[in-house]
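Here's the structure, in structure tokens; my notes come after.
Computed from a predicted structure; not experimentally measured.
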Amino acid sequence: TSMHPTSASPLRGVIIQRQAEALQALGHRVEFVYVGEWGGPKRYVLARKQVGAALRTVRPHLIHAHFGYSGLAIPRVPVPIVSTFYGDDLNGTATASGGITWRSRLGIAVSQYVAWRSDRCIVVSESLRARLWTSGLRAKTTVIRDAVDPAVFRPLPRETARTRLG
């Protein structure tokens, strides 16, 4: 994944870190292969060799790719793949005029390929599930909302929130 907390971005990918911690608390071994934060989609293709080496060493029972492009880093393996899609990977990134860029169109196509290649998929909303191009892809996809941790965030009256924020 490229979605992981760093000193420069401590909240980036915190949802993935929490998921890993929950799995570890249940006794599962979790290993990450980081493909870096920068470099665009090309970095995922370039990471295939690194990911392949890690897979030969770790020999996982399951691979979980976070975000559409991440699936490009996974070489052909006889291990089940789960891919989670978060938004831009299936929606694209909107331009100022309301369209989406050609790069986003390519990203959407890549995400559809990654979904096709995956044994199961996860999306964070029903509207993202609907963005998958075929009924077969939608059938193997589960919606798991992960946007807000109610143990950390809760609604407050507007004035209380404004006072706390200064």
Side-chain angles (χ1 to χ4, degrees), residues 1-39 41 43-91 107-108 110-156 161 164:
T1 183
S2 63
M3 295 173 58
H4 56 89
T6 64
S7 57
S9 303
L11 298 179
R12 180 182 172 87
V14 71
I15 213 84
I16 296 166
Q17 181 181 14
R18 287 185 180 156
Q19 184 182 73
E21 289 167 355
L23 288 167
Q24 289 167 333
L26 293 171
H28 298 285
R29 188 176 97 211
V30 177
E31 301 283 340
F32 285 98
V33 178
Y34 298 111
V35 296
E37 290 183 59
W38 312 109
R43 73 175 178 246
Y44 297 101
V45 175
L46 295 175
R48 285 176 77 91
K49 187 180 264 188
Q50 172 193 357
V51 171
L55 294 174
R56 286 188 295 280
T57 300
V58 174
R59 303 179 61 106
H61 296 227
L62 174 78
I63 299 168
H64 190 171
H66 291 271
F67 198 74
Y69 280 128
S70 294
L72 291 177
I74 303 169
R76 290 188 179 266
V77 290
V79 178
I81 299 170
V82 175
S83 294
T84 297
F85 302 95
Y86 291 93
D88 283 4
D89 42 7
L90 292 175
N91 287 325
I108 291 168
V110 166
S111 294
Q112 299 292 331
Y113 166 74
V114 168
W116 170 80
R117 199 173 160 229
S118 300
D119 295 273
R120 295 293 303 220
C121 298
I122 299 169
V123 293
V124 298
S125 70
E126 188 60 45
S127 64
L128 280 179
R129 186 174 175 269
R131 300 288 296 173
L132 292 164
W133 290 348
T134 69
S135 59
L137 294 179
R138 291 186 294 274
K140 67 178 182 178
T141 301
T142 301
V143 176
I144 300 177
R145 298 193 54 82
D146 68 352
V148 176
D149 181 350
V152 176
F153 300 99
R154 65 186 185 293
L156 294 174
R164 283 190 179 179

Side chain to side chain contact (heavy atoms under 4.5 Å, CB included), that's the test. Do Q17 and V14 meet it? Break it down for me.
CA-CA 5 Å; Q17 181 181 14; V14 71; 4.2 Å; yes
Measure the [atom1]-[atom2] distance between [X] and [Y] for me, rounded to the nearest 0.5 Å.
{"X": "L128", "Y": "Y86", "atom1": "CG", "atom2": "OH", "value": "11.0 Å"}
{"X": "S111", "Y": "W133", "atom1": "OG", "atom2": "CH2", "value": "9.0 Å"}
{"X": "Q19", "Y": "H66", "atom1": "CD", "atom2": "NE2", "value": "4.5 Å"}
{"X": "R131", "Y": "N91", "atom1": "CZ", "atom2": "CG", "value": "5.0 Å"}
{"X": "S118", "Y": "H64", "atom1": "OG", "atom2": "NE2", "value": "9.0 Å"}
{"X": "S125", "Y": "I144", "atom1": "OG", "atom2": "CD1", "value": "12.5 Å"}

After noting the C-alpha distance and the side-chain angles of L137 and R129, does the key distance pass the side chain to side chain contact (heavy atoms under 4.5 Å, CB included) rule?
CA-CA 9 Å; L137 294 179; R129 186 174 175 269; over 6 Å; no
For residues [X] and [Y], report the shortest heavy-atom separation together with the two atoms involved.
{"X": "L72", "Y": "V114", "result": "N-CG2, 4.1 Å"}
{"X": "L55", "Y": "P75", "result": "CD1-CD, 4.1 Å"}
{"X": "V124", "Y": "R145", "result": "O-NH1, 3.3 Å"}
{"X": "V110", "Y": "G68", "result": "CG1-O, 4.5 Å"}

Indicate yes or no: at least one non-hydrogen side-chain atom of R117 is less than 4.5 angstrom from one of Y113.
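Touching, per the 4.5 Å side-chain cut-off.
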Check step by step if side chain to side chain contact (heavy atoms under 4.5 Å, CB included) holds for I81 and I74.
CA-CA 9 Å; I81 299 170; I74 303 169; 3.8 Å; yes
Checking side-chain contact (heavy atoms from CB on, under 4.5 Å) between V123 and each of T141, D89, T84, which is the one that passes?
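The side-chain contact (heavy atoms from CB on, under 4.5 Å) with V123 is passed solely by T141 among T141, D89, T84.
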Counting only heavy atoms from other residues, nucleotides and ligands, does the tally under 6.0 Å from NZ of K140 exceed 12?
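More than 12 heavy atoms, drawn from other residues, nucleotides or ligands, come within 6.0 Å of this atom.
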Using side chain to side chain contact (heavy atoms under 4.5 Å, CB included), reason through F32 and I16 one step at a time and then give a plain yes or no.
CA-CA 10 Å; F32 285 98; I16 296 166; 3.6 Å; yes
For E31, enumerate each residue passing the salt bridge (Lys or Arg N to Asp or Glu O under 4.0 Å) test, keeping only those at least two apart in sequence or located in another chain.
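Scan of E31 (salt bridge (Lys or Arg N to Asp or Glu O under 4.0 Å), adjacent residues dropped) gives R29.
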